[in-house]
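Structure first, then comments.
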Amino acid sequence: MKITLTDGSYHDVDSSEMAFKIAGSIGFKEGFKKAKPVLLEPIMKVEVVTPEEYSGDVIGDLSRRRGQILGMEEGPSGKAIASEVPLSEMFWLRDHRALDEPGPRDFHDGIRQIR
């Protein structure tokens, strides 16, 4: 956002550097409200391949993390669950203890979109 103060005059008593900074701040706040900003976040396309018996837990975990399940397919390694999950919700995987135990094994991700 760029703000340009176009109509101002200098007055010995009322004009100061602070007065112009305040005018710029007020202009920014009003412009920001009128622009109706939207917060965007990266959405990851995630595919988890897991044995059939763990698929319900994986779907529940993805859903808890604001994920949208796109579909499921059977494969030789188990059930492949395709989903979209906000990037901010994906950092749990790095410390997920369940990945050290039987259950979810393969995990693929990539940025899908920003919304």
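For the single chain, residues carry numbers from 1 onward in sequence order.
- Rounded to the nearest 0.5 Å, atoms CZ (R64) and CZ (R66) are 14.0 Å apart.
- With sequence neighbours excluded, the residues forming a salt bridge (charged side-chain N to carboxylate O under 4.0 Å, His left out) with E52 are K79, listed by chain and number.
- Contact check on E30 versus K34 returns no salt bridge, with no Lys/Arg side-chain nitrogen under 4.0 Å from an Asp/Glu carboxylate oxygen.
- Residues S63 and I69 come closest through the heavy atom pair OG-CG1, 4.4 Å.
- Note that the CE atom of M72 and the CD1 atom of I59 stand 4.0 Å from one another [nearest 0.5 Å].
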| task | Would you sort out whether E41 and L87 count as a side chain to side chain contact (heavy atoms under 4.5 Å, CB included), showing the intermediate values? | result | CA-CA 7 Å; E41 67 180 331; L87 176 62; over 6 Å; no

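- Of all the heavy atoms in S83 and L62, the pair that sits closest is OG-CD1, 3.6 Å.
- Rounded to the nearest 0.5 Å, atoms CG (D61) and CG (D57) are 8.0 Å apart.
- Here the closest non-hydrogen pair linking S55 and T50 is CA-CG2, 3.9 Å.
- Between S15 and F20 the shortest heavy-atom distance is CB-CE1, 4.2 Å.
- Residue E74 places its CD atom among more than 12 non-hydrogen atoms of other residues, nucleotides or ligands, all under 6.0 Å distant.
- Separation of atoms CE (M44) and CZ (R65) is listed at 14.5 Å; rounding is to 0.5 Å.
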